[in-house]
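Here's the structure, in structure tokens; my notes come after.
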Amino acid sequence: MSLELPVDVTDNLEARILGGLDEEQRHVASTLTGPMSVLAGAGTGKTRAITHRIAYGVHSGVYKPQQVLAVTFTARAAAEMRTRLRDLGVGGVQARTFHAAALRQLQYFWPHAVGGPLPGLLDHKAQVIAESARRLRLTTDRAAIRDLAAEIEWAKVSMLTPDTYLKAAAGRVEPAGFDLTTISRLFQAYEDVKTDRNIIDFEDVLLITVGILQEDAKVAATVRDQYRHFVVDEYQDVSPLQQRLLDLWLGPRDELCVVGDASQTIYSFTGATSRHLLDFTKRFPEAEVVKLVRDYRSTPQVVNLANSLLAARTKQPRRGNDPWPAPLELIAQRPTGPEPSFTECADDEAEAAQVAGRIRTLLNEGVAASQIAVLYRTNGQSEAYEQALASADIGYQLRGGERFFRRKEVRDAMLQLRAGARAAGTDPVPQLVRDILANLGYTAQAPQSGGAVRERWESLAALVALADELDKARGSAAGGVFTLQDLVTELEERAAAQHAPTVQGVTLASLHSAKGLEWDAVFLVGLSEGLMPISFADTDDAVDEERRLLYVGITRAREHLALSWSLARTPGGRANRKPSRFLDGLRPQSSSSVQNRAGAKPSRRKQAAPAVCRVCGTLLSSGAERKVGRCQNCPPTYEESTFDALRQWRKDTALEASVPAFVVFTDATLVAIAEARPQSMQELSRLAGVGPAKLERYGEDVLRILSAN
């Protein structure tokens with residue numbers, strides 16, 4: 001039910017807290033008591049709705065901030081929630097991950113409930129699992145240890161012990177090729193090693209906290225007195241163990257708001273299940289259910305594709321005779337945009353090259369590199385895109401690589417900012433930050449060079465951009481003063497939560513790690529059978545989860561969306577790949593070129609021809625050679641005067657546009673133009689490296705030069 005407040009108070013709060021919300025978001029934010037289930041589709045503003053709900057509750061006096069616990073699944077998401085609440089004038093609310101909240105309670109209650117010092121926390125399981133395997137005389141390698149660690153994590157979040165694992169795991173795929181009895185013995189050995197070393201792992205943090213709350217009524221009462229209102233984000237990803245902990249926090253009360261989307265359940269391999277979200281009203285029959293379906297993130301074209309993908313999902317029974325839950329059908333709120341593209345490529349290298357080329361076009365059109373992402377199913381796919389982007393001199397960052405706050409230049413910057421804060425008064429933060437970071441190499445303009453120099457500048461530029469953003473949100477635009485000390489405090493909190501600011505550079509990431517993020521342009525690559533769905537998805541449930549994973553990838557895009565796949569792994573290799581079954585009914589059924597074909601396969605002769613030198617017949621080994629159709633050992637066939645004229649034109653054009661020459665055309669493309677001597681725009685468009693944007697921008701100039709030389 002909605003809270004009734006005095007008219008003057010309500011009007012003021014509605015203007016400040018509820019004013020910018022749509023009808024459904026407003027209902028979520030103004031309903032402050034009782035159980036609530038918010039079914040929120042991708043891009044529908046769920047975080048906005050629940051943070052405004054907490055802020056409305058605190059400002060209205062219904063909530064005490066210290067009695068609210070907001071739980072989410074990543075430290076970054078928790079930090080983002082705290083930032084939004086702070087921007088809404090709410091401090092003191094605990095926004096944490098399940099593990100962080102449990103660890104905090106465990107550290108506090110351990111001396112009373114257990115006694116003695118808390119055991120050490122194990123960061124990574126690999127060494128302990130390796131020792132456990134040696135005790136059992138099992139032979140393992142790195143890949144096997146990784147799989148065994150994942151299996152043990154699944155068992156523990158499913159609240160299984162070594163004794164109960166064997167029965168519960170019946171029918172599961174045997175990890176690392178070991179039978180389930182061996183896994184059970186390894187599980188026990190793993191627990192024994194931890195006991196010998198006096199250490200606990202992250203799952204133990206939850207398990208021990210659950211045990212203390214179950215067995216010690218005083219501790220449970222203390223926790224329940226501390227936290228009166230609970231909000232759980234990404235509720236579709238809750239594991240049985242996390243749900244048990246939430247039940248113990250909640251006790252007999254019903255002050256719980258959960259937010260989630262069953263169509264974005266992509267972590268079942270970790271024990272996550274959407275069952276708790278889907279069955280919420282069975283536990284709380286009086287719960288309000290609100291659906292957020294207005295998509296503010298993506299264009300109608302992207303939203304329509306996402307809806308169509310889910311509409312075609314399997315109709316197999318979900319549990320027993322229950323049907324699959326009907327997916328939320330999103331309603332786009334943004335203006336129309338470009339249609340998603342579907343591109344078929346000859347091989348992985350060609351796919352990476354065409355993605356790099358299209359990214360270059362987007363950059364030339366003004367799309368920021370930080371607003372572009374390449375998403376793939378497995379981390380092993382990243383190498384081809386790293387090479388293609390590096391060859392095109394396009395900066396990139398690997399999500400999951402070196403953490404931002406561990407970079408040397410960032411650590412140095414924080415030391416300088418901390419020292420500056422001690423002497424600074426209330427001078428404008430943006431200029432102070434620029435002056436301080438200038439001593440570390442920051443400049444207003446990005447360096448022309450790449451590599452380490454560019455990466456260092458991008459880190460410093462991200463700090464400057466964050467200072468500008470926070471000053472606007474909490475300082476000048478908000479009618480207050482945002483000081484350098486405020487910035488330092490914010491950075492320290494973000495460093496603790498690994499909540500990094502945006503770094504300039506194209507993001508390369510797996511589909512799983514892209515959850516919760518969004519970009520202006522998204523390239524979904526490697527969409528062939530065996531990768532999407534992945535080859536080991538051999539059940540209806542597993543295939544449906546792969547479909548949901550692709551849905552998550554599609555809904556990361558705001559405006560530009562490109563889907564691609566290749567027919568062979570290597571240049572000249574056998575074209576035995578097929579487009580993903582998920583693209584059936586979504587992609588165009590025919591096209592005239594190998595690069596854009598989505599229906600029939602091209603002939604073997606057409607695929608192989610570009611990979612062979614047209615002069616000597618040697619197999620071409622690099623992207624540059626394939627672009628010109630000639631190996632580097634064969635002499636060029638262009639007229640020197642023609643090539644010189646094209647090169648001079650490129651130089652003049654680049655100077656006029658203040659861009660590097662290769663942005664206009666690469667050397668390889670220029671050679672291809674000079675050798676092919678196209679006579680029309682159509683012939684020019686067939687050359688590799690001459691996309692639609694460059695054809696429109698430079699085509700007439702190129703043809704004019706060719707006709708004059």
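For this chain, numbers begin at 1 and follow the sequence in order. All heavy atoms count here, side chains included; hydrogens, waters and symmetry mates do not.
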Between the side chain of [X] and the main-chain N/O of [Y], is any donor-acceptor distance below 3.5 Å?
X    : Y    : value
H59  : I17  : no
D216 : V219 : yes
Y376 : A509 : yes
N304 : P300 : yes
R334 : R558 : yes

- Item | Candidate pair L248 and V210, rule side-chain contact (heavy atoms from CB on, under 4.5 Å), full reasoning | CA-CA 7 Å; L248 290 166; V210 163; 3.7 Å; yes

- Item | Minimal non-hydrogen separation, P533 against S580, with atom names |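 Heavy-atom minimum between the residues: CD-OG, 4.0 Å.
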
Less than 4.5 Å apart, side chain to side chain, heavy atoms only: is that true for [X] and [Y]?
X    : Y    : value
P338 : Q301 : no
V28  : V259 : no
I331 : V303 : no

Salt-bridge test for [X] and [Y]: reply yes if a basic N is under 4.0 Å from a carboxylate O, no otherwise.
X    : Y    : value
R84  : D87  : no
D201 : K156 : yes
K125 : E203 : yes
E490 : R82  : no
R548 : D544 : yes
E24  : R294 : yes

- Message: By the side chain to side chain donor-acceptor pair (under 3.5 Å) test, which pairs, at least two apart or in different chains, include something from residues 45-54?
- Response: K46-D233, K46-E234, R53-Y63

For residues [X] and [Y], is any side-chain donor paired with an opposing acceptor at under 3.5 Å?
X    : Y    : answer
E288 : S37  : no
Y235 : D261 : no
Y165 : E151 : yes
T83  : E80  : no

Just how far is it from atom [atom1] of [X] to atom [atom2] of [Y], taken to the nearest 0.5 Å?
X    : Y    : atom1 : atom2 : answer
D237 : T270 : CG    : OG1   : 7.0 Å
L292 : T44  : CG    : OG1   : 4.5 Å
W249 : Q226 : CH2   : CD    : 12.0 Å

- Query: Does the pair L309 and L550 meet the rule for a side-chain contact (heavy atoms from CB on, under 4.5 Å), with working shown?
  - Reply: CA-CA 9 Å; L309 176 69; L550 180 57; 3.9 Å; yes

- Message: Does E286, at its CD atom, have more than 12 non-hydrogen atoms belonging to other residues, nucleotides or ligands within less than 6.0 Å?
- Response: yes

- Query: Could you walk me through whether Q381 and T378 pass the side chain to side chain donor-acceptor pair (under 3.5 Å) check?
  - Reply: CA-CA 6 Å; Q381 294 170 262; T378 66; 3.2 Å; yes

- Message: Could you walk me through whether S268 and E545 satisfy the side chain to side chain donor-acceptor pair (under 3.5 Å) test, starting with their C-alpha distance in whole Å, then the side-chain angles of each, then the deciding distance to 0.1 Å, before giving a yes or no?
- Response: CA-CA 8 Å; S268 66; E545 179 149 340; 2.4 Å; yes

- Query: Does the side-chain contact (heavy atoms from CB on, under 4.5 Å) test come out yes or no for F98 and T72, once each step is laid out?
  - Reply: CA-CA 7 Å; F98 271 102; T72 188; over 6 Å; no

- Item | Results of ring pair (Phe, Tyr, Trp, His ring centres under 6.0 Å) for Y227 - residues two or more places apart only | none

- Message: Measuring centre to centre across the rings, with the benzene-like ring taken for any Trp, is F269 within less than 6.0 Å of H512?
- Response: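 That pair passes the under 6.0 Å test.
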
- What's the verdict on salt bridge (Lys or Arg N to Asp or Glu O under 4.0 Å) for E559 and R297, showing C-alpha distance, side-chain angles and the deciding distance? CA-CA 8 Å; E559 183 173 1; R297 174 187 299 161; over 6 Å; no

- Should L206 and T209 be marked as a side-chain contact (heavy atoms from CB on, under 4.5 Å) after you check the CA-CA gap, both sets of side-chain angles, and the distance that decides it? CA-CA 5 Å; L206 300 184; T209 304; 5.8 Å; no

- Got a sec, which pairs hit salt bridge (Lys or Arg N to Asp or Glu O under 4.0 Å) with one end in residues 244-258, sequence neighbours left out? D247-R283

